[in-house]
Every structure is written in structure tokens, then in C-alpha cells.
Amino acid sequence: MALDRIERARPRSRSGAPNPTRAHVHPNSRRAGTFEDDFFYSYAKGETDRLYKKAVELLKRKNAVRRLARAEGRQLSEDERLVTLITPAAIRVFEQLTTLARTCAGKVFPTWEWIEAASGLSRASVGRGLSILAKMGLIEKQRRCVPIDPPADRHKARNAQTSNVYRMSFPNRLARFLPRFLRPVPLPDDVVQREVDRIEEIETMRLWRTPPERPLPAHCSHRTARASLSHRGPVQRSDRCQSRAAQ
């Protein structure tokens, strides 16, 4: 019969490769407890509130960015396209993350279930909000996994997925879309000029620096030394040697 010839295909992972461990661990996951001290930020007083206010201002100005580009008859630039990605759901997710950063000394590792309950959003909206914030550069996340005892149905599994860790920042490329009172204070002109002069001095030193001549190795034969000298061109004699040759 035709049904007897049907073979059940082995379930495969998203990449198409077999997954013998059947472990539910995302790629690029790091072991929990091995990197968090270097990953988390230590935010200054009021910094998380300023980050949230800047994100809200981007939401208010994204329609104005579209109208300006449409009035000028041009396409959106890359930075303008990033501004137009932000949504109210992403703002609500960002609010919960900044609140945790303020109250937990910058150690932010909530689960999706916690964000859903705190923001009142669905799981799909939380996932889209986190993706938008990551594309804009407002958050940086790192997946984590924890060691487990192999269960009965996955006897080769050694790790399981746990909550991600997050840290917030505001990219400088989006600062020009903010009002003046939220933009970072520019550096004084003398400081900028001093830095430019320092870079020019370093480039000048690199330009005039000549590499040292490397001596021939001890095991080099006379024939090899003669061949290497021939590549450098004829040897210039001194005036004293030329006078002796003329005599």
C-alpha cells in the first residue's frame, strides 16, 4: 500500500540541520553568571528618566520627520527611517526596562512574562517592541542559558534558555531629532581643536617614522647575502675608496 511507503521525517531545526540534543537554546547564548558584571551599566542619577524622555520625544516627532521628507520630495535617510520605526508599544516596553534599571542598579534581566504583566501588552507586542528598540540602538540584549540535568525526553540536553539581559543607551545618530534641551551639551571649541591637533601630530609622526633595518640572520649564506644586496641596488663607495681605486 502507498501508506506503508510513507516514512516519517525527522524533525529538524530552523537551519535545516539535525538537532540531536533537541535542546531549546537559541544561538549566540552565553552561560548565565559568567559575563553579567561586565555587561551591565551603572546609570547616573536621573539618567534612566532622561533616556525614557528622549524615546518619547522620538515618538512625538516621527510623523513630522515623514511630513518633512514628503514635502521636500525625497526618500527618508537611514537615521530618519530608524526614527519612524518607534511605536507606542515599544515605548511602553522601554518604560518598564528603564524602571528596572533605576530600581535595580542597572541589572535588568526580566522575562517576557514579566514585561507582559507590567506593560499590559501581548507577547507578540512585547517581541515586536524589543526588536524595534534593538534596531534603533536604544537597547542591547544578550541571550543567556543555564545548565540543567538532562530530562527523559532530551537525554543529551545540557542547557536551557533563561531570561535575556538588557542595557539601555541613546545613540548619538538620533540626537539631532531631539529638542535642544534634550541634546547633549557640545564640547568647547578649544577642546575640539586640541583633539584635532593631537590627531594631526600623531599622523605626522607615523608619516616620518622609518622602519628599522633588519639584520641578516646568522644562518644566511654569502650567496643569499649577495643576492639580497643586489636587490637594494649598487653599493655606493665612499670618496676615500674611490680615490684609492683611481691610484
Side-chain angles (χ1 to χ4, degrees), residues 6-44 47-52 54-56 58-59 81-82 85-171 174:
I6 297 178
E7 297 181 359
R8 293 185 178 181
R10 184 177 181 179
R12 294 178 177 271
S13 60
R14 292 183 180 180
S15 62
N19 185 10
T21 63
R22 301 177 64 186
H24 304 284
V25 178
H26 292 285
N28 302 324
S29 297
R30 301 181 64 179
R31 183 71 64 87
T34 60
F35 67 96
E36 285 83 354
D37 293 339
D38 298 331
F39 182 85
F40 289 130
Y41 279 160
S42 180
Y43 298 94
E47 185 177 357
T48 55
D49 296 334
R50 289 191 294 270
L51 290 174
Y52 174 70
K54 292 178 180 179
V56 173
L58 291 181
L59 179 63
R81 193 175 294 109
L82 289 178
L85 291 177
I86 196 166
T87 60
I91 290 295
R92 293 172 67 177
V93 173
F94 193 66
E95 180 183 8
Q96 301 304 323
L97 295 180
T98 53
T99 302
L100 283 178
R102 183 180 67 252
T103 57
C104 299
K107 299 180 179 180
V108 183
F109 48 95
T111 60
W112 280 32
E113 289 78 8
W114 187 92
I115 299 177
E116 293 172 24
S119 61
L121 300 172
S122 63
R123 187 176 184 85
S125 298
V126 170
R128 285 193 297 268
L130 292 173
S131 178
I132 289 172
L133 294 174
K135 289 179 181 179
M136 296 180 64
L138 294 176
I139 66 170
E140 183 180 353
K141 71 175 182 179
Q142 174 61 54
R143 292 190 174 113
R144 298 189 303 167
C145 60
V146 292
I148 60 171
D149 295 330
D153 57 339
R154 294 184 291 123
H155 60 280
K156 292 185 178 181
R158 295 294 181 270
N159 299 287
Q161 201 72 33
T162 186
S163 62
N164 303 330
V165 290
Y166 304 91
R167 59 184 179 188
M168 282 67 65
S169 62
F170 194 87
L174 302 182

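Computed from heavy atoms alone, side chains included, the values below leave out hydrogens, waters and symmetry copies.
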Determine all donor-acceptor pairs shorter than 3.5 Å in which one atom belongs to a side chain in residues 124-137; sequence neighbours excluded.
| from | atom 1 | to | atom 2 | distance (Å) |
| --- | --- | --- | --- | --- |
| S125 | OG | S122 | OG | 3.1 |
| S125 | OG | R128 | NH2 | 3.4 |

Taking all atoms of both residues into account, what is the closest heavy-atom pair of L51 and S169, and its distance?
->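 Answer, listing the atom of L51 first, then S169: CD2-C, 4.0 Å.
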
So how far is it from [X] [atom1] to [Y] [atom2], rounded to the nearest 0.5 Å?
| X | Y | atom1 | atom2 | result |
| --- | --- | --- | --- | --- |
| F40 | K107 | CZ | NZ | 7.5 Å |
| F94 | L59 | CZ | CG | 12.5 Å |
| Y43 | T48 | OH | OG1 | 8.5 Å |
| Y166 | Q96 | OH | CD | 13.0 Å |

With sequence neighbours excluded, tell me which residues meet side-chain contact (heavy atoms from CB on, under 4.5 Å) with P147.
->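 Listed in chain order: R31, N159.
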
By side-chain contact (heavy atoms from CB on, under 4.5 Å) - contacts of P171 (at least two apart) |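 Counting only residues at least two positions away or on another chain, P171 forms a side-chain contact (heavy atoms from CB on, under 4.5 Å) with L138, R173, L174.
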
Please collect all salt bridge (charged side-chain N to carboxylate O under 4.0 Å, His left out) contacts where either partner lies in residues 139-151, sequence neighbours excluded, each pair once.
->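 Residue pairs with at least one partner in residues 139-151: E36-R144, E140-R167.
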
Side-chain atoms of residues 109-116: list all donor-acceptor pairs with protein atoms under 3.5 Å, sequence neighbours left out, distances to 0.1 Å.
| from | atom 1 | to | atom 2 | distance (Å) |
| --- | --- | --- | --- | --- |
| T111 | OG1 | W114 | N | 3.2 |
| E113 | OE2 | R123 | NH1 | 3.3 |
| E116 | OE2 | R123 | NH1 | 3.3 |

Contacts of type salt bridge (charged side-chain N to carboxylate O under 4.0 Å, His left out), residue R102, not counting sequence neighbours =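 Partners of R102 under the salt bridge (charged side-chain N to carboxylate O under 4.0 Å, His left out) test: D49.
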
Would you check if V165 and F35 make a side-chain contact, meaning some heavy-atom pair closer than 4.5 Å?
->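 Heavy-atom side-chain distance check passes, below 4.5 Å.
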
Taking side-chain hydrogen bond (donor to acceptor under 3.5 Å, both in side chains) as the test, write out the residues that go with S29, two or more places apart.
->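 If we apply the side-chain hydrogen bond (donor to acceptor under 3.5 Å, both in side chains) test to S29, skipping adjacent residues, the hits are Q161.
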
